[in-house]
There are 2 protein chains.
Amino acid sequence: MRQDAQQLFGLRVKQLRLSKDISQEELGALSNLDRTYISGIERGKRNVSLKNILQIASALGVPALELFNIPEFKG
Amino acid sequence: MRQDAQQLFGLRVKQLRLSKDISQEELGALSNLDRTYISGIERGKRNVSLKNILQIASALGVPALELFNIPEFKG
DNA sequence: ATGTGACTCGCAGTCCGTT
DNA sequence: AAACGGACTGCGAGTCACA
């Protein structure tokens, strides 16, 4: 596995968050996760678990699948 | 978040694994994960992390996105 | 409004086995 | 081949003060 996979995922979260025009704090509130935790995810410092992936997707109002809609993830 | 989300994910893994005609043991070997852990995932008992999600997708030869290609995840 | 290091604690993930 | 259990270690979850 590539080391930067987490970063790509984090960038995708950031991308979707910005497209919704909300702050990390707001996303944190919507997904019941700490704002600093969201920050860590977007910077690729966190190896997020399935549970939190689904919560974030839900908070962003997109299917979980969208968080993996990244060219580099498709082989 | 729904409680059964993990189970849906596990069923999807199982579905893809069976379509490849490989055993849990083989998938474990391919993804560098313990066979009992794969079993737990498929039964919805495990909260898999991003890193392992990507490893499993890679072992199955599908983009990570495919693991989330579940009707119930899109609503 | 965000980045970051450090921290505790529960669970992710492994390894032994039985059914 | 797979479900399931017990015991273990290390890592992720979740939070804080501060920049």
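Lettering of chains follows the sequences in order, A, B, ..., and the numbering in each one begins at 1.
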same_hphob_cluster(B:Leu65, A:Ile70) at 4.5 Å side-chain heavy-atom cutoff: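 Looking at the clustering, A:Ile70 is in the same group as B:Leu65.
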Between N or O atoms, less than 3.5 Å apart, protein on one side and nucleotides 16-19 of chain C on the other: list the pairs.
from	atom 1	to	atom 2	distance (Å)
C:dG17	O6	B:Arg35	NH2	3.1

Starting at [atom1] of [X], measure out to [atom2] of [Y] and round the result to the nearest 0.5 Å.
X       : Y       : atom1 : atom2 : value
A:Glu72 : A:Asp4  : CD    : CG    : 8.0 Å
B:Ile56 : B:Lys51 : CD1   : NZ    : 13.0 Å
B:Leu33 : B:Leu27 : CG    : CG    : 8.0 Å

Quick one: are [X] and [Y] in side-chain contact, heavy atoms under 4.5 Å?
X       : Y       : result
B:Val13 : B:Val48 : no
B:Arg17 : B:Glu42 : yes
B:Ser31 : B:Ile38 : yes

Whichever of B:Gly40 and A:Val48 has its nearest DNA chain D nucleotide further upstream toward 5':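 Between the two, 5'-proximity favours B:Gly40.
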Dump the pairs, protein N or O against N or O of nucleotides 6-11 of chain C, anything under 3.5 Å, distances to one decimal.
none

For [X], enumerate each residue passing the side chain to side chain donor-acceptor pair (under 3.5 Å) test, keeping only those at least two apart in sequence or located in another chain.
X       : value
B:Asp34 : B:Thr36
A:Glu25 : none
A:Ser39 : A:Arg43
A:Ser58 : none

Listed once per pair and sorted, the salt bridge (Lys or Arg N to Asp or Glu O under 4.0 Å) pairs that draw on residues 55-71 of chain A, sequence neighbours left out: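 Sorted result for residues 55-71 of chain A: A:Arg12-A:Glu66.
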Axis-to-axis angle between the two ends of the helix from C:dT2-D:dA19 to C:dT19-D:dA2 (five base pairs per end, rounded to 10 degrees):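 About 50° separates the two local helix axes.
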Short side-chain N/O contact from A:Ser39 to OP1 or OP2 of C:dT2, under 4.0 Å: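 Result: no.
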Where A:Leu67 and A:Ile53 come nearest, the two heavy atoms and their spacing: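 Residues A:Leu67 and A:Ile53, closest heavy atoms: CD1-O, 3.6 Å.
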Residues in salt bridge (charged side-chain N to carboxylate O under 4.0 Å, His left out) contact with B:Arg46, at least two apart in sequence or another chain: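 Not a single residue meets the salt bridge (charged side-chain N to carboxylate O under 4.0 Å, His left out) criterion with B:Arg46.
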B:Gln6 (side chain) donor-acceptor with B:Gly44 (main chain) under 3.5 angstrom: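 At least one qualifying donor-acceptor pair exists.
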First-last contacting nucleotides on DNA chain D - partner chain A, under 4.0 angstrom, heavy atom: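 Counting from the 5' end, contacts occupy D:dG12 to D:dC18.
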Strand contacts (DNA chain C) in residues 11-23 of chain B, 4.0 angstrom heavy-atom criterion: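 Heavy-atom contacts with DNA chain C come from no residue of residues 11-23 of chain B; none.
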Protein-nucleotide distance (B:Ile38, atom CD1; C:dT14, atom C1'), rounded to Å: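 Rounded to whole Å, this separation is 12 Å.
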Atom-pair distance (CD on A:Glu42; P on C:dG3), nearest Å: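 To the nearest whole Å, that distance equals 7 Å.
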Sugar-phosphate only, base, or nothing, as touched by B:Asn32 at under 4.0 Å among non-hydrogen atoms: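 If one applies the 4.0 Å heavy-atom cut-off, B:Asn32 turns out to touch the sugar-phosphate alone, with no base involved.
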Any pair counted as ring-ring contact (aromatic ring centres under 6.0 Å, His included), so long as it reaches residues 6-56 of chain A, sequence neighbours left out: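 Checked against ring-ring contact (aromatic ring centres under 6.0 Å, His included) - neighbours excluded - the pairs reaching residues 6-56 of chain A are A:Phe9-A:Phe68.
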Closest listed nucleotide, where the reference is the side chain of B:Ser49 and the choices are C:dA1, C:dG3, C:dG13: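 Given the options C:dA1, C:dG3, C:dG13, the side chain of B:Ser49 is closest to C:dG13.
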